[in-house]
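One structure is given below, encoded as structure tokens.
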Amino acid sequence: MCGIVGMVGNADVVKDTVRGIVSLEYRGYDSFGLSVLREDDSLHVVKDVGSVSLAAERRAFDVLGQSPVAIAHTRWATHGSVSQRNAHPHVSADGRTAVAHNGVVENHHELRRELLRKGVTFTSETDTEVIAHLVSVHIASGCSLLEAVAATVPLLEGEYAFVVMSAGDPGRICGARRKSPLAVGWADGHAVVASDQLAIGLTCDRGMYLQDGDVVLVEPGAARIYTVQPNGIALAQREWVRIDSRADQISKDGYRHFMEKETHEAPDVVAKILELPAQLMRDALGPDPGAQINITGAGSAFYAAQLAQYVFAKLARTYVIAHPSDEMPNVKSFGPHDWLVGISQSGETFDTLEVARLAKASGAGVTSVANVRGSSLDRVADVCVPQCAGAEVCVLSTKSIVAQVAIAIRLAMERGLANGSLSESEHRRLGESLERLPHTLRKILTELAPRIREVGEKYNFIEHWFFIGRGLCYPVALESALKFKEVSYIHAEGMPAGFFKHGTISLIDDGFYTIAFLPSRTAEADLFKVTLANISEISARGGRVLAFGPAGATEDDLEGICEYVALPYHDDVTDSIQLLLAGQLFAYYCAVSLNREIDKPRALAKSVTVR
Ligand code: GLU
């Protein structure tokens with residue numbers, strides 16, 4: 001989490017640094033800061049709580065004047081409250097060195113105690129501040145900035161990406177990474193270090209992501225990468241790639257919010273996924289048809305993994321293990337007979353990366369399903385399946401979840417065809433259904449969105465919700481509840497409809513509402529009926545139920561349902577994608593009517609790069 005930008009140039013870099021950090025606000029936004037090193041080597045900082053883009057709008061950084069060296073940060077607090085003094089950059093006790101950090105220094109208590117013993121005074125509660133003091137102590141003892149960072153890095157435990165500048169070695173910025181992303185780029189007359197290529201692409205046309213253990217030193221027009229070794233530092237040879245500016249993709253295109261724009265991009269994303277070659281789908285599950293397939297992800301990506309589990313059961317009669325990546329190492333030992341599919345929008349999700357590294361180290365094959373090409377997950381993986389969703393700016397995943405589930409369907413279709421679970425004609429029929437899906441999703445976005453909006457607005461005062469479903473509708477319910485609570489700040493709990501009566505139903509009263517996700521009336525007739533039975537159990541106890549389900553439901557079916565949104569089902573696994581989109585729209589409209597922070601809900605960040 002958190003965004004970092006460091007920039008050096010032959011001329012003023014403050015404006016571009018501000019643009020860069022604003023482009024990374026999706027990574028954390030509880031507080032922000034920017035520091036500059038002026039030509040007279042004096043260090044100045046502006047930092048505060050709140051949003052960096054609003055600060056930029058009110059020209060909060062103008063007081064810093066012009067400077068050829070700047071570092072900036074937008075924070076997602078892990079250690080220390082959200083306050084001005086805990087905002088980054090953190091400055092060393094002598095006021096000459098400043099650092100902006102992403103990640104967690106796990107041994108910060110120990111390092112802090114040692115520094116306190118040496119008489120260093122701390123001004124914040126963060127784990128980060130130790131880095132500023134350590135680098136500054138080394139510079140004071142005669143090291144260059146690069147040598148000071150190289151000497152500091154082995155002292156730090158945990159995961160980090162950070163940038164440092166110092167009046168003791170002006171005109172340069174040094175960056176280092178371990179398990180948190182850091183990219184570097186350069187162009188004529190300046191260079192940038194940042195946590196995402198998005199900020200690099202604003203001003204540079206060449207760049208790369210650093211590797212774990214790298215230290216980078218940037219100067220105007222130059223960037224050198226080093227690896228820290230026991231006997232010193234060595235220059236590393238790395239390949240620079242062309243960076244495409246993604247600035248054009250970060251406009252709202254007339255929509256009110258990125259969330260609205262990105263839900264409307266779902267049809268195009270599905271169309272792009274259909275263009276991925278079938279051979280890639282076959283390769284993505286590894287060469288051994290008998291290997292145990294495991295799928296993991298965190299947050300929404302885990303629910304996509306769970307949907308994949310159901311899709312594989314249906315289309316390929318294969319039990320795949322789906323487990324959230326933060327818990328997977330506690331239940332799964334990988335070996336050469338395993339194949340892991342890791343799902344992450346950013347490809348930088350810490351927990352998912354850890355599972356991928358663990359699987360790899362244990363001899364398993366790994367496939368990355370990431371939206372950012374060349375991400376850390378891509379680099380760990382044997383096979384990379386691109387999510388093809390394009391830049392997703394809203395902190396909530398919408399089109400990327402649609403992409404992940406569409407990919408899961410394609411993977412399961414190929415496996416099902418290969419192992420004889422799907423006949424050629426069933427495979428072809430599903431392929432046609434996927435081809436039709438963009439059109440159907442467009443229909444939902446145009447014809448059904450007003451109805452979903454009406455329901456979302458009408459019930460926005462309800463404080464407690466259950467979201468329930470069976471079969472594929474169960475992970476749909478979990479994901480839709482997550483989306484709803486993330487953006488509306490209203491309590492919603494997703495659960496299997498059948499589980500409800502085993503305890504949870506005791507909460508039902510006339511203030512506790514339920515949303516039921518109903519499967520196809522024909523293709524899933526049995527699940528349809530039992531979900532209706534669960535709905536009756538709730539309404540019999542005074543609970544009110546809203547439902548999303550197939551068109552053609554009868555009056556009897558709808559007994560006990562106070563609002564029904566009928567979707568144009570294809571009567572196959574792609575219906576789950578229709579439901580996901582409907583759930584996203586419901587969450588969106590309800591939250592808009594409550595005036596919530598849609599694209600940057602409180603306490604969240606898009607790319608969860610800490611444990
Ligand atoms: N651990 C640091 C802090 O709490 C950095 C958090 C981040 O990655 O945003 O300030």
Side-chain angles (χ1 to χ4, degrees), residues 1-6 20-35 45-53 55 71-92 97-112 115 122-135 152-153 155-164 175-183 193-196 198-199 210 212 298-299 326 344 346 348-354 376 395 600-611:
M1 348 268 273
C2 108
I4 302 174
V5 178
I21 199 66
V22 166
S23 78
L24 299 187
E25 194 175 16
Y26 72 90
R27 300 178 67 88
Y29 35 79
D30 54 49
S31 49
F32 63 85
L34 191 145
S35 62
V45 185
V46 164
K47 55 180 177 178
D48 211 339
V49 295
S51 146
V52 70
S53 50
I71 64 176
H73 188 266
T74 177
R75 183 173 184 232
W76 189 86
T78 66
H79 290 65
S81 58
V82 176
S83 64
Q84 191 202 29
R85 69 196 185 102
N86 287 338
H88 302 215
H90 289 285
V91 177
S92 59
T97 299
V99 61
H101 161 231
N102 168 203
V104 173
V105 180
E106 282 171 3
N107 58 337
H108 70 105
H109 285 304
E110 202 181 305
L111 294 170
R112 183 181 273 250
L115 287 159
F122 278 77
T123 54
S124 81
E125 301 155 334
T126 64
D127 51 332
T128 303
E129 196 181 334
V130 295
I131 306 177
H133 296 309
L134 288 169
V135 173
T152 299
V153 157
L155 307 175
L156 306 175
E157 286 169 17
E159 62 273 3
Y160 53 78
F162 65 84
V163 290
V164 202
R177 76 157 272 182
R178 180 173 184 269
K179 295 191 175 182
S180 293
L182 197 63
V193 186
S195 19
D196 190 320
L198 201 59
L210 299 181
D212 273 352
D326 53 311
S344 162
S346 62
E348 304 294 341
T349 310
F350 185 90
D351 293 321
T352 307
L353 268 168
E354 284 291 276
S376 301
V395 167
K600 288 185 284 233
R602 68 184 180 206
L604 302 186
K606 190 151 187 77
S607 181
V608 185
T609 55
V610 292
R611 193 186 298 258

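Order of listing sets the numbers, starting from 1, for every ligand and every atom in it.
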[X], any N or O under 3.5 Å of ligand 1 N or O:
X      : answer
Asn102 : yes
His79  : yes
Thr126 : no
Asn86  : no

Please check: side-chain N/O of [X] versus main-chain N/O of [Y], any donor-acceptor pairing under 3.5 Å?
X      : Y      : answer
Asn102 : Ala161 : no
Arg112 : Val130 : no
Asp48  : Gln84  : no

Partners of Ala100 by side chain to side chain contact (heavy atoms under 4.5 Å, CB included), sequence neighbours excluded?
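Per chain and number, Ala100 pairs via side chain to side chain contact (heavy atoms under 4.5 Å, CB included) with Ile4, Ile71, His73, Val163.
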Could you work out, with side chain to side chain contact (heavy atoms under 4.5 Å, CB included) as the rule, every residue matching His109, not counting sequence neighbours?
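By the side chain to side chain contact (heavy atoms under 4.5 Å, CB included) rule, His109 matches Arg113.
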Options Ala87, Gly103, Ala161, Ser81, ranked by nearest heavy atom to atom 5 (C) of ligand 1, top entry:
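The residue whose heavy atom sits nearest atom 5 (C) of ligand 1 is Gly103.
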Give the contacting part of Thr78 toward ligand 1: side chain, backbone, both or neither, where contact means a heavy-atom distance below 4.0 Å.
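Contact part for Thr78 vs ligand 1: both backbone and side chain.
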Which is it for Thr128 and ligand 1 at heavy atoms under 4.0 Å: side chain, backbone, both or neither?
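Contact part for Thr128 vs ligand 1: side chain (C-beta onward).
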Could you state the interatomic distance from OG1 (Thr74) to CZ (Arg27), rounded to the nearest 0.5 Å?
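That separation rounds to 10.0 Å.
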In ligand 1, the atoms that come under 4.0 Å of a heavy atom of Asp127 are 1 (N), 2 (C), 3 (C), 4 (O)
Any idea which atoms of ligand 1 are less than 4.0 Å away from a heavy-atom of Arg75?
3 (C), 4 (O), 10 (O)
With a 4.0 Å cut-off on heavy atoms, is Arg27 touching ligand 1?
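No, that is not the case, since the closest heavy atom of the residue is not under 4.0 Å from the ligand.
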Can you confirm whether the side chains of Glu348 and Ser376 place a donor and an acceptor under 3.5 Å from each other?
yes
